[in-house]
Chemist: 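Can you keep this structure in mind? I'll have questions shortly.
Just the heavy atoms: all of them, side chains too, but no hydrogens, waters or symmetry mates, feed the values below. The structure displayed is predicted, hence computed values, not measured ones.
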Amino acid sequence: MRLVFAGTPEPAVPSLRRLIESSRHEVVGVVTRPDAVAGRGRKITRSPIGRLADEHGIPVFTPKRPSEPEFIEQLTDLAPDCCPVVAYGALLPEPVLDIPRHGWINLHFSLLPAWRGAAPVQAAILAGDEYTGASTFRIEKGLDTGPVFGTMTERIAVADTAGSLLERLADSGSLLLESTLDAVEDGTVQAIPQPVDGISYAPKVDPEAGRIRWSQPALAIDRRIRAVTPAPGAWTEIDGKRLKLGPVEMVEETLPVGTIDIRKTGVYLGTATTAVRLIQVQPQGKRMMPALDWARGARLEPGTVVE
């Protein structure tokens, strides 16, 4: 089939790469979000999907909004049979949805109808789900409401961060997307409407969601930190300065809520239940470092309480 691929961030790369290498399909165009300022140098940067398309000489389209008449005309001229989507980052209007004869098929990183929305992987970790997965479905006007072609499951490990889990899902999900497109071309798959039960939503995760409340139980804190790692990142405040946190280790002892205890074996911090041991932290303006190195350098007073 003639494909126009829509995607933007790194997790979409395995799917585009697999489709470029496919002997059954031809990627005739790529749609991605416009180049944006990124990195410490604040330079205008091409999206990961845009860069991969450039490497293979595939035309790249970066409309500010997919409803732009110029983009609709360009897409129509490409005459795609199907448009696979992985984390594109913009809603598609009906005139665009109607262009490919097989529609737009989205790879979504959850077991729909669970965790519809922008941050399904983060939501699954935060909720303490034992399993998650990926689904391919036909895009319609609603938010992730379209009928499902196929799914695959993935166990969430106890140490998984959103980053490590999403990396696995991106790789295995690319196989699911390719097999779905093969089956659509062969006419051997039928999209099944999503059930009305079990619907949940995963809104976009903003930086405030990474703030750790030490008055919560250790298990909830552990999940929240892993859910927002690597982005937008977990953090707390000490003396009015933000301290970014890496994943923590739960321990079988208690400390007063929010109180830091520095020992030879590490840096411990009290929660509503048992304490946690900080592994790595990042002070403002510095790189990630071992928590014990930070604590010694900061010369914290015994019994220091974080906010």
Chemist: Is a side-chain donor-acceptor pair under 3.5 Å present for H25 with D81?
Modeler: no
Chemist: Kindly compute the distance separating CZ (R277) from CD (E249), expressed to the nearest 0.5 Å.
Modeler: 4.5 Å
Chemist: Ring of F71, cation from R65 - is the NZ or CZ under 6.0 Å from the centre and inside 45° of the axis?
Modeler: no
Chemist: So, are E237 and R242 salt-bridged, with charged N and O less than 4.0 Å apart?
Modeler: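 No.
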Chemist: For D129 and R223, run salt bridge (charged side-chain N to carboxylate O under 4.0 Å, His left out): C-alpha distance rounded to whole Å, both residues' side-chain angles, the deciding distance at 0.1 Å, then the answer.
Modeler: CA-CA 10 Å; D129 291 352; R223 288 174 180 172; over 6 Å; no
Chemist: With a 4.5 Å cut-off on side-chain heavy-atom distances among I, L, V, M, F, W and Y, is there a chain of contacts connecting L300 to I212?
Modeler: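 In one cluster with L300: I212, yes.
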Chemist: Apply the test side-chain contact (heavy atoms from CB on, under 4.5 Å) to residues V121 and W115: give CA-CA distance (whole Å), side-chain angles for both, the deciding distance (0.1 Å), then the verdict.
Modeler: CA-CA 8 Å; V121 173; W115 304 128; over 6 Å; no
Chemist: Could you tell me which non-hydrogen atom of Y88 sits nearest to which non-hydrogen atom of P66, and how far apart they are?
Modeler: OH-CG, 3.7 Å
Chemist: Are any of the side-chain heavy atoms of Q122 and V228 separated by less than 4.5 Å?
Modeler: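 No, their side chains stay 4.5 Å or more apart.
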Chemist: Distance alone, cut at 3.5 Å: any donor-acceptor contact between the side chains of E253 and T274?
Modeler: no
Chemist: For E140 and L97: C-alpha separation, side-chain torsions, deciding distance, then whether side-chain contact (heavy atoms from CB on, under 4.5 Å) applies.
Modeler: CA-CA 7 Å; E140 55 182 30; L97 294 177; 5.5 Å; no
Chemist: For the residue pair T32 and S47, confirm or rule out a side-chain donor-acceptor distance under 3.5 Å.
Modeler: yes
Chemist: Quick check: closest heavy atoms across A227 and A162, and the distance to 0.1 Å?
Modeler: O-CB, 3.3 Å
Chemist: Please report the C-alpha distance between R263 and D261 in whole Å, then the side-chain angles of each, then the deciding distance to 0.1 Å, and finally whether the salt bridge (charged side-chain N to carboxylate O under 4.0 Å, His left out) criterion is met.
Modeler: CA-CA 6 Å; R263 311 172 193 170; D261 188 8; 2.8 Å; yes
Chemist: From the options R168, R226, R155, select the one residue that forms a side chain to side chain donor-acceptor pair (under 3.5 Å) with D160.
Modeler: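 Among R168, R226, R155, the one that satisfies the side chain to side chain donor-acceptor pair (under 3.5 Å) with D160 is R168.
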Chemist: With no hydrogens and no angle check, is any side-chain donor or acceptor of D144 less than 3.5 Å from a backbone partner on G117?
Modeler: yes
Chemist: Would you name the heavy atoms of A234 and I225 that are closest together and state the gap between them?
Modeler: CB-CG1, 3.8 Å
Chemist: Look at the side-chain heavy atoms of Ile, Leu, Val, Met, Phe, Trp and Tyr, link any pair under 4.5 Å apart, and say whether V148 and W104 land in one connected group.
Modeler: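 In one cluster with V148: W104, yes.
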Chemist: Taking side chain as C-beta onward, heavy atoms only, is P80 less than 4.5 Å from I99?
Modeler: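 Result yes, sub-4.5 Å side-chain heavy-atom pair found.
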Chemist: For L255, is there any backbone N or O sitting under 3.5 Å from a side-chain donor or acceptor partner on T259?
Modeler: no
Chemist: Check whether any side-chain N or O of D206 sits under 3.5 Å from a backbone N or O of A209 as a donor-acceptor pair, and report yes or no.
Modeler: yes
Chemist: Minimum heavy-atom separation for A119 to P203, with atom names?
Modeler: CB-O, 3.4 Å
Chemist: Run T136 and T180 through side chain to side chain donor-acceptor pair (under 3.5 Å) and show every step you take.
Modeler: CA-CA 7 Å; T136 48; T180 297; 2.9 Å; yes
Chemist: Over all heavy atoms of both residues, which pair between S15 and L107 is shortest? Give the atoms and the distance, please.
Modeler: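 Closest approach of S15 to L107, heavy atoms only: OG-CD2, 3.6 Å.
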Chemist: Determine, step by step, whether L245 and T229 satisfy the side-chain contact (heavy atoms from CB on, under 4.5 Å) criterion, reporting the C-alpha distance in whole Å, the side-chain angles of both residues, the deciding distance to 0.1 Å, and the verdict.
Modeler: CA-CA 9 Å; L245 306 170; T229 300; over 6 Å; no
